[in-house]
2 protein chains.
Amino acid sequence: MKNSEKQYSYEYPRPALTVDCVVFAYDEGELRVLLIKRGEEPFLGAWALPGGFVHMDEDLDTAAARELEEETGVKKVFLEQLYTFGAVDRDPRGRVVTVAYYALVKLTNYKLHASTDASDAAWFSVHDLPSLAFDHQYIFDVAFKRLQAKITYEPIGFELLPNKFTLTQLQRLYETILEREIDKRNFRKRLLAMDIVEELDEVEQDVAHRAARLYRFDRSSYKRYLKEGFEFNL
Amino acid sequence: MKNSEKQYSYEYPRPALTVDCVVFAYDEGELRVLLIKRGEEPFLGAWALPGGFVHMDEDLDTAAARELEEETGVKKVFLEQLYTFGAVDRDPRGRVVTVAYYALVKLTNYKLHASTDASDAAWFSVHDLPSLAFDHQYIFDVAFKRLQAKITYEPIGFELLPNKFTLTQLQRLYETILEREIDKRNFRKRLLAMDIVEELDEVEQDVAHRAARLYRFDRSSYKRYLKEGFEFNL
DNA sequence: TCAAAAGTGTTAAAAATACACCCATGG
DNA sequence: CCATGGGTGTATTTTTAACACTTTTGA
């Protein structure tokens with residue numbers, strides 16, 4: 001960076017501000033995270049969370065969504081602020097504070113494409129992550145714990161499944177994220193008692209056994225349910 | 001601000017970064033928040049959350065604690081990151097992103113003193129707040145909801161009471177924050193079942209009726225309790 | 001006809017709730 | 001002796017947990 005390019009001046013020094021996204025997807029019994037291979041220093045060639053600098057004319061949520069789309073092609077997904085990480089030495093380039101987000105995507109919708117300053121993007125199992133740049137492993141850990149906690153009291157698990165899913169798929173998703181087995185009958189009883197999924201007149205296709213009924217998350221029923229003072233709980 | 005004073009230059013523009021604190025205290029059946037009267041523009045003379053700019057050599061938590069102490073004299077209290085607010089137009093001076101914290105203080109410990117850029121500080125009932133500067137009312141709302149949620153699953157209520165307290169005081173605190181009545185016998189049963197408060201050989205003083213037993217939160221018992229896989233719940 | 005997963009109820013245990021009276025103390 | 005809040009137990013309801021077999025379908 002040439003000095004002549006430093007055209008933005010302030011009376012006091014300012015940390016740089018970035019957003020980073022922990023993007024989760026669920027794929028055949030595995031929880032995966034989207035990482036990009038860094039195309040520049042520092043940590044050139046290392047895997048990292050997608051993210052980048054916040055622009056002056058965009059909200060934080062907007063910045064997170066933009067960076068996610070620019071670096072991975074992922075857009076219009078569930079995206080929620082996670083935590084802000086600001087340790088003084090978390091970036092070797094200097095003071096960089098990052099507002100971390102986590103995203104939940106329906107994997108089936110996404111073909112990945114690398115672009116911008118990411119030379120590559122790929123999904124990794126959360127149990128087999130490569131060594132990550134910066135403090136991204138720590139950020140990931142916080143995100144994973146948040147996901148585990150939140151999936152039990154907010155209906156965010158549906159964001160990781162296709163619009164139409166079987167109850168067994170949903171149960172497997174919960175088992176995968178919570179890392180424990182769940183009783184099939186009790187799970188269904190509790191889910192159906194909430195009356196927030198709609199049973200469809202369709203069954204899954206191309207399976208070598210009895211086809212399971214398909215369901216859909218009914219967001220309007222969920223809102224009604226909330227208004228009546230009930231709370232999601234699985 | 002003279003141009004000659006603008007000595008910190010960057011290649012790209014950077015938002016300013018601040019911290020703000022929502023400081024709660026509990027006083028005789030009322031939940032209170034600590035506000036400062038602004039001594040400078042913008043919003044000169046308006047009430048606001050204590051806060052200020054993050055320094056380059058301090059973590060976010062450190063910045064929050066420092067600003068809190070500088071502006072109000074409050075120090076060494078429970079302080080936890082709440083959320084980061086970054087709407088483009090939230091500050092009329094330009095782009096300012098703020099990392100909000102909430103703090104819980106034992107009111108009895110604090111004599112307030114104004115200083116630095118706060119010309120005054122005072123406690124307000126959460127149900128009778130003045131009009132606040134910036135988006136501070138919104139930040140407060142988020143903080144209050146967080147407190148209501150968190151007090152039921154983490155033992156943070158004790159941070160708002162003296163070290164020695166009666167069970168009725170604790171119950172009143174919960175009733176105040178949750179804004180509903182709680183059954184005395186059930187409350188005590190659940191609290192004592194967790195075995196995280198220690199019964200002292202002392203009773204309250206100077207009351208015109210039977211004196212209540214004093215208790216103390218036992219942090220080491222609580223940690224043991226957590227390790228055994230139990231979770232705080234009130 | 002076999003393999004694979006779908007689908008379905010009941011019982012027991014635990015937790016949450018509702019509820020009222022006697023006790024100790026100071027004024 | 002009275003006013004005030006302290007302290008305590010039980011019965012009922014609700015929720016959660018444990019548990020196994022029959023059905024459907026495609027290969």
Side-chain angles (χ1 to χ4, degrees), chain A residues 26 28-30 149 151-153 161-162 164-176 178-216 225 228-234, chain B residues 26 28-30 149 151-153 161-162 164-176 178-216 225 228-234:
Chain A
Y26 176 72
E28 301 184 31
E30 274 216 311
I151 202 175
T152 69
Y153 64 86
L161 289 178
K164 299 174 182 180
F165 53 84
T166 71
L167 298 188
T168 298
Q169 284 177 320
L170 185 65
Q171 183 184 336
R172 295 274 174 272
L173 171 68
Y174 272 79
E175 290 177 331
T176 300
L178 298 177
E179 299 178 314
R180 61 180 168 82
E181 300 208 326
I182 298 173
D183 180 86
K184 179 161 67 163
R185 281 166 294 187
N186 294 336
F187 180 81
R188 287 171 182 231
K189 213 183 307 171
R190 281 155 62 157
L191 176 70
L192 297 175
M194 286 189 286
D195 198 33
I196 59 171
V197 291
E198 181 190 1
E199 182 177 338
L200 302 175
D201 290 330
E202 287 178 72
V203 295
E204 57 180 344
Q205 300 297 316
D206 303 317
V207 286
H209 52 78
R210 175 174 176 182
R213 171 81 30 163
L214 290 172
Y215 289 77
R216 175 159 50 192
Y225 185 75
E228 288 165 8
F230 296 100
E231 282 177 20
F232 181 88
N233 186 248
L234 266 182
Chain B
Y26 175 71
E28 302 185 29
E30 273 216 312
I151 202 175
T152 69
Y153 64 86
L161 289 179
K164 299 174 182 180
F165 53 83
T166 70
L167 297 188
T168 299
Q169 284 177 319
L170 185 65
Q171 185 184 334
R172 295 272 174 274
L173 171 68
Y174 272 79
E175 290 177 331
T176 300
L178 298 177
E179 298 179 314
R180 60 179 169 82
E181 300 208 325
I182 299 172
D183 179 85
K184 178 161 66 164
R185 280 167 294 188
N186 294 336
F187 180 80
R188 287 169 183 232
K189 213 184 306 171
R190 281 155 60 158
L191 176 70
L192 297 175
M194 286 189 286
D195 199 32
I196 59 172
V197 290
E198 180 189 1
E199 182 177 337
L200 301 176
D201 290 330
E202 286 178 72
V203 295
E204 57 180 343
Q205 300 297 316
D206 303 317
V207 286
H209 51 77
R210 175 176 176 179
R213 171 79 32 155
L214 290 172
Y215 289 77
R216 176 160 47 193
Y225 184 75
E228 288 165 9
F230 296 101
E231 283 178 19
F232 180 88
N233 187 248
L234 266 181

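Naming: A, B, ... by sequence-line order, numbering from 1 per chain. Since the model is a prediction, treat every value here as computed from it, not as a measurement. The figures that follow rest on heavy atoms only: side chains count, while hydrogens, waters and symmetry mates do not.
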> Any side-chain heavy-atom pair from A:Ile151 and A:Leu234 closer than 4.5 angstrom?
no

> Tabulate protein N/O versus nucleotide N/O from nucleotides 21-24 of chain D, keeping only pairs under 3.5 Å, one per line.
from, atom 1, to, atom 2, distance (Å)
D:dT23, O2, A:Arg210, NH1, 3.2

> May I have the distance from B:Arg172 (atom CZ) to D:dG5 (atom P), rounded to whole angstrom?
9 Å

> Using whole Å, what does the distance between atom C1' of nucleotide D:dG7 and atom CG of B:Leu192 come to?
11 Å

> Sub-3.5 Å donor-acceptor pair from the side chain of A:Glu199 to the main-chain atoms of A:Arg213, do we have one?
no

> Going by heavy atoms in the side chains, are A:Leu161 and A:Tyr215 under 4.5 Å from each other?
no

> I'd like to check the side chain to side chain contact (heavy atoms under 4.5 Å, CB included) partners of B:Glu179; sequence neighbours left out, ordered by chain and number.
B:His127, B:Phe144, B:Gln148

> Starting at CG of B:Leu191 and ending at P of D:dT8, how long is that distance when rounded to a whole Å?
13 Å

> Please determine, for the side chain of A:Arg185, which listed nucleotide (D:dG9, D:dA20, D:dG7) has the closest atom?
D:dA20

> Please identify each residue that fulfils side chain to side chain contact (heavy atoms under 4.5 Å, CB included) with A:Arg216, with sequence neighbours left out.
A:Glu198, A:Leu200

> Would you please say whether a donor-acceptor pair under 3.5 Å links the side chains of A:Arg188 and A:Thr168?
yes

> In whole Å, I'd like the distance from the CZ atom of B:Phe187 to the P atom of D:dG7.
13 Å

> Judged by each residue's nearest nucleotide on DNA chain D, which is more toward the 5′ side, B:Asp183 or B:Thr166?
B:Thr166

> Polar pairs (N or O, both sides) under 3.5 Å between protein and nucleotides 13-17 of chain C?
from, atom 1, to, atom 2, distance (Å)
C:dT17, OP2, B:Arg190, NH1, 3.1
C:dT17, O4, B:Lys189, NZ, 3.2

> Checking A:Tyr225 now: which residues fulfil ring pair (Phe, Tyr, Trp, His ring centres under 6.0 Å) with it, not counting sequence neighbours?
A:Phe230

> Using a strict heavy-atom distance below 4.0 Å, which residues from residues 198-207 of chain A are in contact with DNA chain C?
none

> Where is the tightest heavy-atom contact between A:Gln169 and A:Lys164, given as atom of each residue plus distance?
OE1-O, 4.4 Å

> Considering heavy-atom distances to DNA chain C, does A:Ala208 or A:Arg188 have its closest nucleotide positioned more toward the 5' end?
A:Ala208

> Looking at B:Leu173, B:Leu214, B:Val197, which hits side chain to side chain contact (heavy atoms under 4.5 Å, CB included) with B:Phe165?
B:Val197

> Any side-chain heavy-atom pair from A:Tyr26 and A:Arg172 closer than 4.5 angstrom?
yes

> For the residue pair A:Val203 and A:Gln205, establish whether any side-chain heavy-atom pair is separated by less than 4.5 Å.
yes

> Whole Å only: how far is the CD atom of A:Gln169 from the P atom of C:dA5?
13 Å

